[in-house]
Undergrad: 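Okay, here's the structure, questions in a sec.
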Number of protein chains: 2
Amino acid sequence: MASYSDPSQWWRTLATSGETHHYIAIRDQIASRIGTDNLPPGSKLPSERQLQIGAGMARGTIREALFQLEAEGLIYRRDRSGWYVCNPPVVYDPTRWSGFMTYVAEQGHRPETQTLATAERTAGDAGVHVGVAAEATLYQIDRRRLIDGRPVLVERILVNPAMAPGLFRFSLDGSLSRILKDEFGVVVARNCVDMRPCALVGEQAAALGVKPGTPGLKLVRTSFDHADRVVEYDHEYWRHDALRIHVETIVTAD
Amino acid sequence: MASYSDPSQWWRTLATSGETHHYIAIRDQIASRIGTDNLPPGSKLPSERQLQIGAGMARGTIREALFQLEAEGLIYRRDRSGWYVCNPPVVYDPTRWSGFMTYVAEQGHRPETQTLATAERTAGDAGVHVGVAAEATLYQIDRRRLIDGRPVLVERILVNPAMAPGLFRFSLDGSLSRILKDEFGVVVARNCVDMRPCALVGEQAAALGVKPGTPGLKLVRTSFDHADRVVEYDHEYWRHDALRIHVETIVTAD
DNA sequence: GAGTGGTCTAGACCACCTT
DNA sequence: AGGTGGTCTAGACCACTCA
């Protein structure tokens, strides 16, 4: 982790900036530091109180600026540790998605998967999405995935046991799609993806180590095989700054 | 615009709630009101100062709760006017996108398009995306689109004049794709969509009437005809709470 | 002109991370 | 144990909206 440059040098031009609002001025100061200085991704910013003293402003004003930069995806916080410069986001293409592990590695980063919990549960309302009766049993997998050591998403996957009997024999700390293909001969032929901006709250926020209410992206993916049976039904909660989505589509309607 | 229920009744259970943080308790109070009370989309919430008095908390704490609800997409603010209950989001399916106007109407809402500016400009760096030389001329259209009277997106569209000579003869306060199809025989065959969470700042924030730094979604769409020529190159900035994306894809790789 | 949200100050205490 | 961000208070003035 690189350290930040001398805090006493952070405010040279502040008084001379033409900004109307203090927090915008600070935002611009920090943003330009990130752009030009030796503040590579992962660097730690000075503490809020250091910034406060350097800028001669109230701490609330400093925090307002930091929230802006967080919303823009330039910085993120580690709870009660500090503010850090973001990595560039991963590009997500549902049509070419070959799995998190290979995808992130291809883009030059270090992917990691942690299995938080596995369970067998009755399908209930979720059965509709997996194509089984409400009384049927489903495999449920909760995982957390990291890029360069930073948690970026949590997910809950539902799998029909008929597709992959004894799935839990295998380590799930890697690519699930590879296991399904290599061990069970199940291949994904079609994806259905639903996504929307959301706020990360409760368990999701806790698992990602973010403050409840931090903006995020919710992604629901249903994978089908060639016979149009559901392979995976997956709910993913992403940090908003870790993801870019790219889709190419043939226009079918009209 | 519906009015809110009696503010004196907003805090019945506050003292008895088991929440650890005040702002979470307030958030839950308001959220449950939205869920159960007569607070339909578009309703105005009590003012921050009314909520403050009713709850016996500092105004900053109240605002923290409101920001949470905003991030979750339950409420939004109109600058210096008040806080309002959100409409449900529009579902966006790039593969079935038949244009904003018809799409929103189909989902039971009132769409509206305002042309902010039109211009002819040299392509410059954007030429690469439209498939013309940097010295070529492009049509540029800035529009704002509203749902039920509320601005939800601003966009800048670039069109190759060779595809639609004299385009500005037509009113652009409607469906551009219809004009291209009906008047110029240009049909979209393939879409390329890129999206990522962003912060709405500067012009975009101003045009949408949101505070700079409000979270949003940036969507870049390139439309191609059957000959794979670029029909439109479009940058859209959406309110984060107005949109849900739905994609169905055939898996091509692997 | 009254009321609203937007910005800002100057404190305080806490839970948690780090060393 | 010291430092960090997280929460909270109690004020203030401003720009703007709305009636």
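Lettering follows sequence order; numbering is per chain, from 1.
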Undergrad: Could you go step by step and tell me if A:Leu243 and A:Val152 meet the side-chain contact (heavy atoms from CB on, under 4.5 Å) rule?
TA: CA-CA 9 Å; A:Leu243 184 62; A:Val152 293; over 6 Å; no
Undergrad: As a test of reading the structure: which of D:dT7, C:dG5, D:dC8 is closest to the side chain of A:Arg63, going by heavy atoms?
TA: D:dT7
Undergrad: Tell me: CD1 of B:Ile75 to C1' of C:dG5, nearest whole Å?
TA: 12 Å
Undergrad: Look at the side-chain N and O atoms of A:Ser47 and state whether any lies under 4.0 Å from the OP1 or OP2 oxygen of D:dT4.
TA: yes
Undergrad: Using heavy-atom distances to pick each residue's nearest nucleotide on DNA chain C, tell me which of B:Ser81 and A:Ser81 is more 5'.
TA: B:Ser81
Undergrad: For residues B:Arg27 and B:Gln68, is any side-chain donor paired with an opposing acceptor at under 3.5 Å?
TA: no
Undergrad: So, using ring-ring contact (aromatic ring centres under 6.0 Å, His included) as the criterion, who are the partners of B:Tyr233 when residues are at least two apart?
TA: B:His129, B:His235
Undergrad: Distance from B:Gln50 atom CD to B:Ile62 atom CD1, nearest 0.5 Å?
TA: 11.5 Å
Undergrad: Atom NE2 of B:His21 and atom C1' of C:dC16: how far apart are they, to the nearest Å?
TA: 11 Å
Undergrad: Could you go over nucleotides 10-14 of chain D and give all protein N or O partners under 3.5 Å, atom names and distances?
TA:
from	atom 1	to	atom 2	distance (Å)
D:dA12	N6	B:Arg59	NH1	3.4

Undergrad: Can you measure B:Glu48 atom CD to C:dT7 atom P for me and round it to whole angstrom units?
TA: 11 Å
Undergrad: Does the side chain of B:Tyr23 get closer than 4.0 angstrom to OP1 or OP2 of D:dC8 through an N or O atom?
TA: no
Undergrad: Counting just side-chain N and O atoms, does A:Thr61 come under 4.0 Å of either OP1 or OP2 of C:dT9?
TA: yes
Undergrad: Could you give the CD-to-C1' distance, from B:Glu64 to D:dG6, as a whole number of Å?
TA: 9 Å
Undergrad: For A:Asp148 and A:Arg110, indicate whether the former's side chain and the latter's backbone hold a donor-acceptor pair under 3.5 Å.
TA: yes
Undergrad: Taking only N and O in the side chain of A:Arg77, is any of them less than 4.0 Å away from OP1 or OP2 of D:dG6?
TA: yes
Undergrad: Could you give the CG-to-P distance, from B:Leu51 to C:dG5, as a whole number of Å?
TA: 8 Å
Undergrad: In whole Å, what is the span from the CG atom of B:Leu66 to the C1' atom of C:dG5?
TA: 10 Å
Undergrad: A:Ile53 has an atom CD1; how far is it from atom P of D:dG5, in whole Å?
TA: 12 Å
Undergrad: Residues two or more places apart in sequence or in another chain: which of them pass side chain to side chain contact (heavy atoms under 4.5 Å, CB included) with B:Arg178?
TA: B:Thr102, B:Ser175, B:Asp182
Undergrad: Hey, is the main chain of A:Ile157 close enough, under 3.5 Å, to the side chain of A:Glu232 for a donor-acceptor pair?
TA: no
Undergrad: It should be established whether A:His22 places a side-chain nitrogen or oxygen under 4.0 Å from OP1 or OP2 of nucleotide C:dT9.
TA: yes
Undergrad: How many whole angstroms separate atom CH2 of A:Trp83 from atom P of C:dT18?
TA: 16 Å
